[in-house]
Amino acid sequence: MEGLDFIKACSAIGAGIAMIAGVGPGIGQGFAAGKGAEAVGRQPEAQSDIVRTMLLGAAVAETTGIYGLIVALILLFANPFLG
Amino acid sequence: MEGPKIYGELFGLPITQTLVNTWIIMVMILVVCAILTKNMQKRPGKAQVIAETIVTVMDNLVAQTMGKDKMRFAPYMLALIMFLAFANTAGIYGLRSPTADLNCTVGLALMTFFMTQFFGLKSKGLGGYLKGYLEPMPFLLPINIIGELANPVSLSFRLFGNLLGGGIIMALLYSALAGLYFFPILIPIPFHFYFDIFSGLLQSFIFTMLTMVFVSMAMD
């Protein structure tokens with residue numbers, strides 16, 4: 001059973017490493033929010049349009065982070081290597 | 001957070017928790033619609049004002065995002081956002097949300113995908129539709145096809161990942177709190193507020209917005 005334990009340990013480490021993907025969307029969404037605040041400051045009357053566009057862009061930027069999350073979830077809960 | 005339970009079989013198809021919760025949500029939406037549209041009059045009562053506001057807001061959103069000429073999509077988009085809003089906030093009334101199951105989100109994303117293909121083909125004609133794959137350069141055809149197929153994948157995984165991630169964090173929080181001597185009732189409330197209400201409604205809005213953008217982009 002040593003091999004199985006090794007696979008489990010490596011899967012847990014892999015899940016942790018996969019979640020490093022969360023850094024990218026964090027930076028991207030922060031950038032989008034900063035630009036959104038800037039745009040609202042410059043043009044407060046267009047606030048609803050700006051917020052809508054910003055949320056859409058933030059959601060698209062989030063996709064890569066979600067892919068990382070799904071890889072981590074597969075490694076933790078539906079591990080293909082354990083057979 | 002556990003996977004959806006399987007309750008039984010109907011004509012050889014498994015009845016999962018997702019399916020049952022979807023039925024419950026369908027009943028809830030029907031009840032809400034029946035209450036809001038009961039006894040409609042020229043001079044609206046309270047319920048009718050709410051119903052009219054919801055329809056007007058959605059009509060304005062569709063008109064802004066897709067253009068005035070595509071107003072016929074507004075009923076579908078309102079139905080989609082209603083279902084998603086109820087399904088994503090199912091955690092606060094104790095149901096496992098149906099959108100935390102990949103089968104449900106892939107179904108919704110495939111509906112969007114086939115809508116983009118069908119309405120793109122219908123409004124551009126066969127020649128214009130096929131020519132769209134050869135732009136800007138003919139040798140980019142494989143990349144265009146991959147890009148087209150990536151849309152439903154990213155749509156479904158975004159919704160699924162957000163909802164399942166929120167559910168897992170809530171389950172971890174509850175299992176951590178259950179280990180204490182007494183149960184602190186106030187601690188889960190802000191987490192429910194964020195993961196169920198804020199994140200759920202935001203994701204339903206985003207799914208609907210992206211559907212609108214994809215369909216209107218495919219059409220013009």
Side-chain angles (χ1 to χ4, degrees), chain A residues 8 11-37 39-40 43-80 82-83, chain B residues 1-4 57-58 60-66 77 81 84 88 99-103 105-106 109 112 147 150-169 171-172 195 198-217:
Chain A
K8 278 182 190 166
S11 301
I13 295 171
I17 293 174
M19 283 317 293
I20 295 177
V23 172
I27 295 172
Q29 289 185 345
F31 199 72
K35 287 285 179 191
V40 172
Q43 219 173 353
E45 68 275 6
Q47 192 189 16
S48 63
D49 280 353
I50 292 166
V51 168
R52 193 144 41 81
T53 316
M54 190 197 82
L55 285 178
L56 203 64
V60 174
E62 199 183 39
T63 312
T64 49
I66 295 290
Y67 288 158
L69 173 69
I70 283 174
V71 170
L73 288 178
I74 286 172
L75 281 175
L76 285 179
F77 297 111
N79 199 326
L82 290 175
Chain B
M1 194 178 192
E2 293 161 5
V57 165
M58 200 60 209
N60 286 340
L61 192 65
V62 171
Q64 262 183 13
T65 316
M66 300 179 81
M77 298 304 166
I81 202 169
L84 285 173
N88 291 354
T99 38
D101 184 349
L102 193 56
N103 297 306
T105 56
V106 166
T112 302
N151 278 345
V153 175
S154 74
L155 263 181
S156 58
F157 275 113
R158 180 178 304 120
L159 193 56
F160 167 70
N162 268 296
L163 267 289
L164 188 71
I168 286 173
I169 293 172
L172 285 176
F195 286 114
F198 175 72
S199 169
L201 293 182
L202 186 65
Q203 289 305 319
S204 56
F205 170 74
I206 282 166
F207 192 96
T208 315
M209 273 300 278
L210 285 174
T211 301
M212 286 195 271
V213 170
F214 286 156
V215 173
S216 70
M217 254 168 54

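What you see is a predicted model; the values in this text were computed from it and never measured. Letters go in sequence order (proteins before strands), and every chain restarts at 1.
Between A:R52 and B:T65, some side-chain heavy-atom pair lies under the 4.5 Å cut-off. Between A:I70 and B:L164 the shortest side-chain heavy-atom distance does not fall below 4.5 Å.
With a 4.5 Å cut-off on non-hydrogen atoms, B:V153 touches chain A through its backbone and its side chain both. With a threshold of 4.5 angstrom between heavy atoms, B:L61 approaches chain A through side-chain atoms but not through N, CA, C or O. Looking at A:L55, both its backbone and its side chain come within 4.5 Å of chain B, counting heavy atoms on both sides.
Under a cut-off of 6.0 angstrom, the local environment of CD in B:Q64 is crowded, with over 12 non-hydrogen atoms contributed by other residues, nucleotides or ligands.
In terms of heavy atoms, A:T63 sits closest to B:R158 at OG1-NH2, 2.6 Å. Shortest non-hydrogen contact noted between B:F157 and A:I66 is O-CG2, 3.1 Å.
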